[in-house]
Amino acid sequence: MLRKLTGQSNAELEKKFLEGLNCLLAGKLDTEYAIEDQPEINEKLNMLRMKMIYLNRKVEQSSNIIYGMEQIESLILITNTQGNITYINKAFSYATAYMPDDLLQKPITAILKAKNNPDSVYKGLCHAISSGKGWYGELKLSHKNSTIIPYGLTLTRIMKDGKTEGFLYVLCNIQNLLSEREKEQKSERIKTLGTLAEGIAHDFNNFFAAIEGHVEILRDDTSQLMQSLDDIHHVSQQGAALCTDMLNYSGYQGKVKRERFAINTMLEQAEHFLAASAEPGVTINFGLDDGEKRLVEADKVQIEQMILHLLTNSVEAIKDCRRGGRILLSTKIVHIEDQLMRRAMFRSEHSAEGDFVRIRIKDNGCGMSQGTIDKLLEPFFTTKPNTKGLGMNAVYGILQTHAGLLFVQSIFGKGTIVDVCIPVLKGSLQQEERASSEVIAQTNITNKTVLVIDDSSSIRMIAQKLIEKHHGICITADDGDTGIETYKEHQEKIDVVVLDMAMKRMNGLECAHGLRKINPNVKIIISTGYSKDVLKQYEASGIEVNAFLPKPYTGLVLIQQLAAQCQQ
């Protein structure tokens, strides 16, 4: 050995060198051992001593790291570059009941099972592994007894000499965190629903106040009869539209009652009602295009509701910054190409370039910051305390179902311009009015007998008056049991049954089943305030219904439905 180090050797020097080496091996690293007059040997011994000090510290450091990983409460797992497990700590074994022998050299997928975690978890892990970047996410581990446990995972590469040697997984149990998060979310939902309920109650109180006010006026002065009736009609439509909004938010897709009409004509008819939505000091001016009245195919109540939401926003914006202000509601036929559509804040997936009627609401209110504009279509977003934040969401939903567009321009402190665009149809208003007259002429239910089964006395009374007005015969029943007995008694002359879906005693589904037992060919029209999705319940029960009549319905819609069934 000495000859290899110095190129020379004798028994005495070799003995001293071995003594020095033995001192190093015995751990006396802090004491330098020198051989007199042998600088080369001393240099080699010193180099060996420094290397051993370094290695000893590394071993000590590794021992401390391993000891720490064994003591830490977090779950530690190490894999090689192939994804095979090379180490798990005690906490991992304790939490999952897996011992090292159960998992060592097994693939990581043995505990990260695909059935427990979404694809996004695996995509995130794979991307982190392939790109050499870290990753944090939430996932679920399988306990040995098949229990599923949620964890937060931090993934880090283990590097050596610039190369990836493996991956370190540190997992923290987030069950308590998730519970706290769920509590916070539940609390936030309750708070949101409370705010929502307050807003809805506020709107309905306004509706009822308007109706009650007109009733009081008519008691004293019948000269305002037609104007009051028009206003009451509009208020009831707004209430129905609000109910439709709520059904949409609860997961139902309300029925869109499409008809062909001119936006300008609708606004002219509703001008008095819309102008009344402004508060004292706020003026709404109308600038309707005098050109040809182009037709749209849309839900008239929803379009009016959308305009009312936007006018309300403008009124509130003016109230925030000045005592009085101006709102201009204008219309214009515009041609919009795809390039301009791309600049819209919202574009329905059904929108296509072509001619649109642009409804513009322009105000000189406080305007909006860019941050507010960016959040404008977020669910329940509002800048007002104690408001429900449904207005712009309703606009979004209406434009979505009508293949529409939304453009917003706003300067903070100066005002806002909102453009909603609805596609127009080819053809003239006069042609459409003639076609509508022909349809009405075909609604003949003369001498036809209709059984109306509904637990609402008001609806039974209105249906009876409408049917008798069109020379039909109406029989009514206030619940499902009575309806079945009435049908048994008069089935030979009953042509159609209008059946309420939700009744307090026997519901519509049970009643329809009873009617079909008496007469499998009975014609049943289901009437409900819920969406058309309720028909799936009938289909699932094997009960066929002939038509769907959404509440609230107009006289024309009711008579058209009845006539269609009577003519079949």
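Annotation: side chain to side chain donor-acceptor pair (under 3.5 Å) contacts of Asn519 (sequence neighbours excluded): Tyr487. The side chain to side chain donor-acceptor pair (under 3.5 Å) test applied to Ser348 returns Gln400, not counting sequence neighbours. Residues satisfying the side chain to side chain contact (heavy atoms under 4.5 Å, CB included) test with Glu468, not counting sequence neighbours, are Gln464. Partners of Glu297 by salt bridge (charged side-chain N to carboxylate O under 4.0 Å, His left out), not counting sequence neighbours, listed by chain and number: Arg260. When the side chain to side chain donor-acceptor pair (under 3.5 Å) test is applied to Arg342, the partners found at least two apart in sequence or on another chain are Asp338. Legend: residues meeting side chain to side chain contact (heavy atoms under 4.5 Å, CB included) with Asp419, ordered by chain and number and at least two apart, are Arg358, Arg360, Phe407, Gln409, Ile417.
Side-chain contact between Leu288 and Glu268 is present, with heavy atoms from C-beta onward closer than 4.5 Å. In this structure, Leu340 and Leu405 have side chains that are not in contact, with every pair of non-hydrogen atoms separated by 4.5 Å or more. No side-chain heavy atom of Val497 sits under 4.5 Å from any side-chain heavy atom of Val452. Inter-residue side-chain proximity for Val357 and Val296 is flagged as met; some heavy-atom pair is nearer than 4.5 Å. At a threshold of 4.5 Å between non-hydrogen side-chain atoms, the residues Ser314 and Thr416 do not count as touching. Contact check for Met368 versus Ile411: no side-chain heavy atoms found under the 4.5 Å cut-off. Using a 4.5 Å heavy-atom threshold, the side chains of Leu515 and Ile524 count as touching. At least one side-chain heavy atom of Glu337 sits under 4.5 Å from a side-chain heavy atom of His335.
For the pair His402 (side chain) and Ile303 (backbone), a donor-acceptor distance under 3.5 Å is absent. Side chain of Ser351 to main chain of Gly404: a donor-acceptor pair is present (N/O by atom type, distance under 3.5 Å, no hydrogens or angles).
Scanning both residues, Cys566 and Val496, for their nearest heavy atoms gives SG-CG2, 3.7 Å. The two atoms that bring Ser410 and Gly415 nearest to each other are OG-O, 3.3 Å, heavy atoms only. Summarising the geometry of Thr486 relative to Ile494, their closest heavy-atom pair is O-CD1, 4.4 Å, with the distance given to 0.1 Å. For the residue pair Asp479 and Thr482, the shortest heavy atom distance occurs at OD1-N, 2.7 Å. Across all non-hydrogen atoms, the minimal contact from Met506 to Ile484 is SD-CD1, 3.7 Å. Considering every non-hydrogen atom in both Ile336 and Cys421, the closest pair reads CD1-SG, 3.9 Å.
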- Give the C-alpha distance, both sets of side-chain angles, the deciding distance and a yes or no for side-chain hydrogen bond (donor to acceptor under 3.5 Å, both in side chains) between Asp454 and Ser456. CA-CA 5 Å; Asp454 201 301; Ser456 169; 4.6 Å; no
- Begin with the C-alpha distance, continue with both residues' side-chain angles, and end with the deciding distance and a verdict on side-chain hydrogen bond (donor to acceptor under 3.5 Å, both in side chains) for Gln370 and Asp374. CA-CA 6 Å; Gln370 188 58 48; Asp374 292 341; 2.9 Å; yes
- Is there a side-chain contact (heavy atoms from CB on, under 4.5 Å) between Ile467 and Ile473 once you walk through the steps? CA-CA 7 Å; Ile467 291 167; Ile473 302 166; 6.0 Å; no
- Task: Could you check Thr476 against Met461 for side-chain contact (heavy atoms from CB on, under 4.5 Å), going step by step and ending with a plain yes or no?
- Result: CA-CA 9 Å; Thr476 63; Met461 181 268 293; over 6 Å; no
- Query: Going through the distances and angles, do Glu316 and Val282 end up as a side-chain contact (heavy atoms from CB on, under 4.5 Å)?
  - Reply: CA-CA 10 Å; Glu316 292 293 330; Val282 178; over 6 Å; no
- Begin from the C-alpha positions of Lys523 and Asp495 and carry the test salt bridge (Lys or Arg N to Asp or Glu O under 4.0 Å) through to its verdict. CA-CA 7 Å; Lys523 294 178 179 178; Asp495 297 285; over 6 Å; no
- Item | Asp500/Ser527 under side-chain hydrogen bond (donor to acceptor under 3.5 Å, both in side chains): CA gap, chis, key distance, verdict | CA-CA 5 Å; Asp500 184 23; Ser527 178; 5.5 Å; no
- Could you walk me through whether Leu311 and Ile361 pass side-chain contact (heavy atoms from CB on, under 4.5 Å), step by step? CA-CA 7 Å; Leu311 286 175; Ile361 291 88; 4.2 Å; yes
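In this structure, the separation between CD1 on Ile318 and OG1 on Thr283 is 8.5 Å, given to the nearest 0.5 Å. To the nearest 0.5 Å, the span separating CG on Asp355 from CD1 on Ile422 amounts to 14.0 Å. Note that the CG atom of Leu295 and the CG atom of Leu425 stand 6.5 Å from one another [nearest 0.5 Å]. Here Ile459 contributes atom CD1 and Asp478 contributes atom CG; the two are 13.0 Å apart, rounded to the nearest 0.5 Å.
A side-chain contact (heavy atoms from CB on, under 4.5 Å) with Gln561 is found for exactly one of Val498, Ile445, Ile525, namely Ile525.
The environment of Glu544 atom CD is sparse: at most 12 non-hydrogen atoms of other residues, nucleotides or ligands sit within 6.0 angstrom. Counted within 6.0 Å of NE2 on His471, heavy atoms from surrounding residues, nucleotides or ligands total 12 or fewer; the atom is thus considered open.
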